[in-house]
Amino acid sequence: MSLGSPRFFNGFLSGTLCTALAFYFYKTDDYKKTSSDRLTQVNLHAKESYHLTDVDPETAKQLRGSEILKYGIPDRGFNARLYTNHVLCYDQAKKIPVWVAELITKSDLRGHADREYSNFRMDPTLDAFFSSHNNDFIGSGWSRGHMAPAGDNKFSQQAMDETFYLTNIVPQDISNNDGFWNRLEIYCRDLTNKFKEVRVISGSLTLPTVKEGSKKFVNYEVNSSNKNQVIGNNSVTVPTHLFKVVTAENPQQPGSPVAVGAFVIPNQPIEGSAQLTQYKVKLEDLEKSAGVYFLPRLPPSKRVDLCSVDSCQLISQEALELYFVGRKLEDARTLERLDSVWKDLERRHLVPDDYLIHLYKRKRESLSPTR
DNA sequence: CGGCTACATTTC
DNA sequence: GAAATGTAGCCG
């Protein structure tokens, strides 16, 4: 069975993922058949019983519905798609995911999977007709931002590779992606030090802005390698905002509440001094904007505010940049490169810790020509 | 960690 | 020979 098979997922999530009509087809027919198989079967059934007077109104509607949709159920493709370590809902019109869900545990963060071996590419399980393309992003001024991060999948190269499928990607401001969003992703990973199970649902929004006094308008950029064509082109929606819904719990303590946090971040550069709590929102407000219930099986009585049981403190921008410097020092292959990285650190007035100073000295010795 | 571009290689 | 794909080096 393919990863994105709608048939599999309709089976147990049909109430939220499908129309009532589709649900009827699932309930009344063998779900291993294709929808057109099922439709045909219902049609035959309808021909036999349509004029029976004892058919109840609900059944009559279903039978009539199958006649109306003789040529199939118009399908926007909002079925959930399954991958090694994430699940997502893709918008075929906007050509970006609606939401991407993942589970992070400590063991997922250990391993040798490396982005070096991954490439951004079209999702092989998605109809290419509705897919974005790398060319829609390259040179557009927008970066390819992961929703489920690559770094949450160190345990499996396959899982990491799948996060590079364009079904998991939205056009994102690169400074935002490198900075604040990066710090938020690191924060979610660090939550596994306190909670056994961390679940994150990430996605994007196209929020309206107020214009002409009180009138609101939705206005967002669309990206495409085909710049001029309007109808039938391949435009990728540039979201105005990104969100994360975080749940964290220690499930071995039965009955204990689940920590829940919801955050909405503008898709633009964010000041290095910004804190996560500035972007905290009520989950209900996010749900209303997104048109999605994110935690339908978690009653409000079992929720507790994440930022009341955790600091919700991101690592500082300075600490993040020092980490970059460390990685670059380690990767330096020449003395020139090593010194260039160190000079850049001084230029930006970053204060290296003892580890960084020692690393620099050690690398300098190992790269110096032997006499 | 998160990305990019330039250039080389492969593929049709 | 153009387009897709892979690699090296770079930046925040």
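Note on naming: letters A, B, ... go to the chains in the order of the sequence lines (proteins, then strands), and numbering restarts at 1 for each one.
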Using OP1 and OP2 only, check whether a side-chain N or O of H146(A) sits under 4.0 Å from dC1(B). no
State whether the side chain of T240(A) and the backbone N or O of L205(A) hold a donor-acceptor pair below 3.5 Å, judged by distance alone. yes
Whole angstrom is fine here: how far is it from CG in D108(A) over to P in dC1(B)? 14 Å
Y279(A)/F180(A) under ring-ring contact (aromatic ring centres under 6.0 Å, His included): CA gap, chis, key distance, verdict: CA-CA 11 Å; Y279(A) 300 98; F180(A) 193 86; 5.1 Å; yes
Within residues 240-248 of chain A, the residues having a heavy atom closer than 4.0 Å to DNA chain B are none
Answer yes or no: does atom CG of D354(A) have more than 12 heavy-atom neighbours from other residues, nucleotides or ligands under 6.0 Å? no
Is a salt bridge present between D339(A) and R364(A), judged by a nitrogen-to-oxygen distance below 4.0 Å? yes
Shortest non-hydrogen contact from K196(A) to P251(A)? CB-CD, 3.9 Å
I'd like to know if the side chain of Y187(A) pairs up with that of D310(A) as donor and acceptor (distance under 3.5 Å, no hydrogens or angles considered). yes
State which residues pass disulfide bond (SG atoms under 2.5 Å apart) with C89(A); sequence neighbours excluded, sorted by chain then number. none
In this structure, how many angstroms lie between the P atom of dC1(B) and the CD1 atom of I104(A), rounded? 14 Å
Under 4.0 Å protein heavy-atom contacts per nucleotide of nucleotides 4-12 of chain B, with B for base, S for backbone only and - for none: SS-------
Quiz question: by atom type and distance under 3.5 Å, do the side chains of N168(A) and Y90(A) form a donor-acceptor pair? no
For the CD atom on E346(A), are there more than 12 heavy atoms of other groups (residues, nucleotides or ligands in this structure) within a distance under 6.0 Å? yes
At under 4.0 Å between heavy atoms, what does G179(A) touch on the DNA or RNA strands: base, sugar-phosphate, or nothing? nothing
In numerical order, the residues of residues 193-202 of chain A whose heavy atoms come under 4.0 Å of DNA chain B are none
Rounded to whole angstroms, how far apart are CZ on R189(A) and C1' on dC1(B)? 6 Å
How about CZ on F129(A), more than 12 heavy atoms from neighbouring residues, nucleotides or ligands closer than 6.0 Å, or not? no
Can you see if the side chain of R115(A) gets near the phosphate of dG3(B) - specifically, an N or O under 4.0 Å from OP1 or OP2? yes
Looking only at side-chain N and O atoms, does E58(A) offer a donor or acceptor that is under 3.5 Å from a partner on Q62(A)? no
From CA spacing to verdict: side-chain contact (heavy atoms from CB on, under 4.5 Å), L283(A), R303(A): CA-CA 11 Å; L283(A) 178 61; R303(A) 304 176 190 179; 3.4 Å; yes
Evaluate salt bridge (Lys or Arg N to Asp or Glu O under 4.0 Å) for R347(A) paired with D344(A), printing each intermediate quantity in order. CA-CA 5 Å; R347(A) 180 182 59 81; D344(A) 196 51; 2.5 Å; yes
Nucleotide interval of DNA chain C bounded by contacts with chain A (heavy-atom cut-off, under 4.0 Å): dA4(C) to dG12(C)
Which of residues 312-334 of chain A have a heavy atom under 4.0 Å from DNA chain B? Y323(A), F324(A), R327(A)
Test log, rule side-chain contact (heavy atoms from CB on, under 4.5 Å), inputs Y117(A) and M160(A): CA-CA 9 Å; Y117(A) 306 120; M160(A) 183 178 284; over 6 Å; no
Categorize N182(A) for me: base, sugar-phosphate, or nothing, with a 4.0 angstrom heavy-atom threshold over every strand shown. base
Determine whether any donor atom in the side chain of N177(A) lies under 3.5 Å from an acceptor atom in the base of dG2(B), or the reverse, and answer yes or no. no
Hey, any chance L109(A) and L191(A) share a hydrophobic cluster, counting ILVMFWY side chains that come within less than 4.5 Å of each other, even indirectly? yes
Rounded to the nearest angstrom, tell me the gap between atom CG in N134(A) and atom C1' in dG3(B). 13 Å
Counting any heavy atom closer than 4.0 Å, what does E116(A) reach on the DNA or RNA strands: base, sugar-phosphate only, or nothing? nothing
Show your working on ring-ring contact (aromatic ring centres under 6.0 Å, His included) between F120(A) and H146(A) and close with a plain yes or no. CA-CA 10 Å; F120(A) 291 104; H146(A) 283 71; 5.4 Å; yes
